[in-house]
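Heads up: the structure comes next, in structure tokens.
Quick note on labels: first sequence line is chain A, next is B, and so on, each numbered from 1. All values below come from the heavy atoms of this structure, side chains included, with hydrogens, waters and symmetry mates left out.
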There are 2 protein chains.
Amino acid sequence: MVASVREEAVTLDRAAVDRLRARLQAYMAKKGLRSTAQRRLIVDTFFEGASHMTIEDLLTEVRARDKGIGYATVYRTLKLLAECGVASERRFGDGLSRYELADDAKAHHDHLICSSCGTIVEFEEPRIEALQEDVARRYGFHVISHKHEMYGTCADCQKKVS
Amino acid sequence: MVASVREEAVTLDRAAVDRLRARLQAYMAKKGLRSTAQRRLIVDTFFEGASHMTIEDLLTEVRARDKGIGYATVYRTLKLLAECGVASERRFGDGLSRYELADDAKAHHDHLICSSCGTIVEFEEPRIEALQEDVARRYGFHVISHKHEMYGTCADCQKKVS
DNA sequence: CTAAGTGCAAAAAGTTTGCATTCCG
DNA sequence: CGGAATGCAAACTTTTTGCACTTAG
């Protein structure tokens, strides 16, 4: 149904990005992980590229720069990034895993997903977050993460149909 | 990580359930679909059983009553229910599709999912829905459906850990 | 009768993993 | 050197589909 996913421009916080890079470096040091050419390429591409990329997307971009990179390497690198809190894995119901920079780099946000063109728009609404905490409190629930996604048609697609 | 998913008691609206059954019947009539023993068994089991069951869960229950039912039949019947708006497919990030009666049968709700014991609690918060519509309006977005899920630890599991 | 439904097994689609080889530290 | 990382291909998991046989209407 959704041909592909287009990307919304997102304003990044430069300092937060640096922080994420530092976090990755620290994590790798602590775990005795190594810095390889492939890993550097994949990580850089991820940081520079569009948000909400799938592993395939990233693989394509990475291969544009280095033909021989394998799917598994991208897969494992993304897992690594998620593991140390530098990237967040997202699933929007199309069966694919997508990755975005962790919330540190931008304000915490949720998503509007257009079912017709695949565009993903990010939004923030602190009042929803607050109410959400209220709800959790009512159930004695300790929230670690959440997802709030709205599916429907974006402004552009509404025009097209009419 | 999550061993299994336990079920929360949910109060159903009897009249709404009847409405859903009627909707299914109407849909099948319109499409010229047939009422088979398997289909009746699966549908009844689904209506009577716990919410948020996976296809496997339902298959197990159904097979307790009729040994020979195949996975594909349950799969296709659930698809049918979802198609005519009698059931909703949900994914809570463990890679499995779960099904619940459509919102008509209960008030619209969202979910709290305990990452440690798998319990799924449903909640309603109209004020969140309202704010959500505000957000959509800001983006000229037409919302067709949404999911709002909070992941964390339920009250019980918090006690266990401490 | 005949088009729809069933059960099985095979195909897809994505994600993970085992392993021999390569390479960082 | 020795343990990590890589690339490939094979294994998995869950969902979907093709097909020959059965059956509702």
Between A/Arg63 (side chain only) and A/Ile69 (backbone N and O only), is there a donor and an acceptor less than 3.5 Å apart? yes
Using whole Å, report how far CG of B/Leu58 lies from C1' of D/dT14. 16 Å
Is B/Arg138 salt-bridged to B/Glu133, cutoff N-O under 4.0 Å? no
Counting heavy atoms from C-beta on, name the nucleotide in D/dT15, C/dT15, C/dG7 closest to the side chain of A/Ser97. C/dT15
Nucleotide C/dT15, atom C1' - distance to CD of A/Glu56 in whole Å: 11 Å
With heavy-atom distances below 4.5 Å as the criterion, would you say the side chains of B/Arg39 and B/Arg76 are in contact? no
A/Gln25 atom CD, neighbour heavy-atom count above 12 within 6.0 Å: no
Got a salt bridge between A/Arg14 and A/Asp18, using NZ or NE/NH1/NH2 to carboxylate O under 4.0 Å? yes
Which of residues 74-93 of chain A have a heavy atom under 4.0 Å from DNA chain D? A/Arg76
Under a 3.5 Å distance rule, please check whether B/Tyr139 uses its side chain to pair with a backbone N or O of A/Glu122 as donor and acceptor. yes
Any heavy-atom pair between the side chains of A/Arg21 and A/Phe47 that's under 4.5 Å? yes
Earlier contact from the 5' end, DNA chain C, for B/Thr73 and A/Ala72: B/Thr73
When you compare the side chain of B/Glu129 with that of B/His146, does any pair of heavy atoms fall below 4.5 Å? yes
Please give me every residue in residues 26-46 of chain A whose heavy atoms get under 4.0 Å of an atom in DNA chain C, ordered by residue number. A/Arg34, A/Ser35
Send over the distance from A/Leu59 CG to C/dA13 P, rounded to a whole Å. 17 Å
Can B/Arg137 and A/Glu125 be counted as an ion pair, charged N to O under 4.0 angstrom? no
Under 3.5 Å, which protein N or O atoms sit close to an N or O of nucleotides 20-22 of chain C? Give each pair with its distance.
none

Report yes or no: is the cationic atom of A/Arg90 (NZ for Lys, CZ for Arg) under 6.0 Å from the centre of the six-membered ring of A/Tyr99, at an angle within 45° of the ring normal? no
Hey, is A/Lys147 close enough to A/Glu89 for a salt bridge, meaning N to O under 4.0 Å? no
Let me know the distance between CG of A/Asp66 and P of D/dA5, rounded to the nearest Å. 18 Å
For C/dT15, does OP1 or OP2 lie under 4.0 Å from any side-chain N or O of A/Tyr71? yes
Take the protein atom CG of A/Asp94 and the nucleotide atom P of C/dA13, then report the distance between them rounded to whole Å. 14 Å
